[in-house]
Amino acid sequence: MKFQPDTTSGVNLISRHDERRVWVGATAFDTSLVVPWQGEVLAWPAPRFEALTAAHFERIVALAPEVVIFGSGKRLRFPHPSLLRALIEARIGVETMDTAAACRTYNVLASEQRAVAAALLIEGDDA
């Protein structure tokens with residue numbers, strides 16, 4: 001028996017993903033994005049993994065999540081710790097996984113009403 005309702009009113013959930021797009025609710029995104037558990041989905045100007053800078057992660061601090069799920073693209077790649085310094089100093093946890101796994105993990109945490117943000121790389125065909 002399940003006693004918990006299946007409502008997630010006001011929570012951003014990822015409804016679908018493939019190698020080139022992520023859907024948050026009914027809206028498709030074909031560029032990198034930050035999905036906070038609540039509020040507006042943000043464009044994330046990170047066109048590919050090699051272009052990541054500390055500034056990309058610094059802007060996530062303002063969302064004040066408990067944890068950031070970083071989707072590193074089609075395959076698992078870990079950013080250099082210096083890029084994550086702002087999150088670490090703000091005592092925000094960071095988990096890294098490929099973007100498909102990050103979408104699934106984000107949804108689990110958001111469904112549990114956790115303060116989570118997904119930073120998802122959506123790389124073009126040349127990546």
Side-chain angles (χ1 to χ4, degrees):
M1 260 186 187
K2 186 173 182 182
F3 293 104
Q4 191 171 13
D6 285 336
T7 58
T8 53
S9 180
V11 175
N12 291 321
L13 291 177
I14 297 169
S15 56
R16 182 176 166 203
H17 61 83
D18 62 29
E19 289 186 0
R20 295 188 180 140
R21 288 175 299 277
V22 170
W23 286 259
V24 179
T27 305
F29 296 87
D30 61 3
T31 59
S32 298
L33 67 155
V34 175
V35 184
W37 73 103
Q38 293 180 324
E40 183 180 353
V41 176
L42 306 171
W44 201 39
R48 63 188 189 288
F49 183 83
E50 296 76 19
L52 287 171
T53 66
H56 288 110
F57 293 97
E58 288 168 3
R59 56 186 302 215
I60 299 171
V61 173
L63 299 173
E66 296 171 15
V67 64
V68 173
I69 307 300
F70 170 58
S72 62
K74 296 175 189 175
R75 60 188 175 90
L76 177 61
R77 295 171 288 182
F78 292 92
H80 192 276
S82 65
L83 300 180
L84 306 174
R85 180 178 302 280
L87 295 172
I88 294 166
E89 288 178 353
R91 301 183 57 86
I92 296 171
V94 182
E95 293 292 333
T96 299
M97 50 199 74
D98 64 60
T99 294
C103 289
R104 294 187 298 270
T105 302
Y106 165 84
N107 273 352
V108 169
L109 295 173
S111 294
E112 293 174 348
Q113 303 293 314
R114 299 278 307 274
V116 60
L120 306 172
L121 277 180
I122 309 296
E123 299 176 306
D125 291 332
D126 57 341

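Nothing here was measured: the structure is a model prediction, and the numbers come from that model.
By the side-chain hydrogen bond (donor to acceptor under 3.5 Å, both in side chains) test, D98 pairs with no residue at all, sequence neighbours left out. R59 is linked by a side-chain hydrogen bond (donor to acceptor under 3.5 Å, both in side chains) to nothing, counting only residues two or more places apart in sequence or in another chain. The side-chain hydrogen bond (donor to acceptor under 3.5 Å, both in side chains) test applied to E66 returns R114, not counting sequence neighbours.
Rounding to the nearest 0.5 Å places CD1 of I60 at 8.5 Å from CD1 of I92. Rounded to the nearest 0.5 angstrom, E89 CD and E58 CD are separated by 9.5 Å. In this structure, F70 CZ and H56 NE2 are separated by 10.0 Å, a value rounded to the nearest 0.5 Å. A distance of 12.0 Å separates CD1 of I14 from CH2 of W23, quoted to the nearest 0.5 Å. Distance check: L76 CG to T96 OG1 gives 7.0 Å after rounding to the nearest 0.5 Å. Of the inter-residue distances, the one linking T99 atom OG1 with L120 atom CG reads 5.5 Å to the nearest 0.5 angstrom.
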Apply the test side chain to side chain contact (heavy atoms under 4.5 Å, CB included) to residues L13 and S111: give CA-CA distance (whole Å), side-chain angles for both, the deciding distance (0.1 Å), then the verdict.
-> CA-CA 8 Å; L13 291 177; S111 294; 3.8 Å; yes
Using the side chain to side chain contact (heavy atoms under 4.5 Å, CB included) rule, take L84 and V68 through it: C-alpha gap first, then chi angles, then the decisive distance, then the call.
-> CA-CA 10 Å; L84 306 174; V68 173; over 6 Å; no
Verdict with reasoning, I88 to R85, per side chain to side chain contact (heavy atoms under 4.5 Å, CB included) = CA-CA 5 Å; I88 294 166; R85 180 178 302 280; 5.7 Å; no
Verdict with supporting geometry, F29 and I122, side chain to side chain contact (heavy atoms under 4.5 Å, CB included) = CA-CA 9 Å; F29 296 87; I122 309 296; over 6 Å; no
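The nearest pair of heavy atoms linking P79 to L83 is CB-CD1, 4.1 Å. Heavy atoms only, all atoms of each residue included: S82 and A54 are closest at O-CB, 4.2 Å. Minimum heavy-atom separation, L33 to V35: CD1-CG2, 3.4 Å.
The cluster map of Ile, Leu, Val, Met, Phe, Trp and Tyr, joined by side-chain heavy atoms under 4.5 Å apart, puts L87 and L42 in the same cluster. Hydrophobic clustering keeps V11 apart from V34 (ILVMFWY residues linked when any side-chain heavy atoms are closer than 4.5 Å, directly or through intermediates). Note on L63 and I69: separate hydrophobic clusters, where clusters join Ile, Leu, Val, Met, Phe, Trp and Tyr whose side-chain heavy atoms are under 4.5 Å apart, directly or indirectly.
The shortest side-chain heavy-atom distance between F57 and W44 falls under the 4.5 Å cut-off. With a 4.5 Å cut-off on side-chain heavy atoms, T27 and V41 do not count as touching. In this structure the side chain of N12 reaches within 4.5 angstrom of the side chain of Y106, judged on heavy atoms. A 4.5 Å side-chain heavy-atom check between V116 and P65 finds every atom pair outside the cut-off.
Counting heavy-atom neighbours within 6.0 Å of E40 CD, excluding the residue itself, gives a total of 12 or less.
Salt-bridge annotation for R75 and E123: absent, with no side-chain N of the basic residue lying under 4.0 Å from a carboxylate O of the acidic one.
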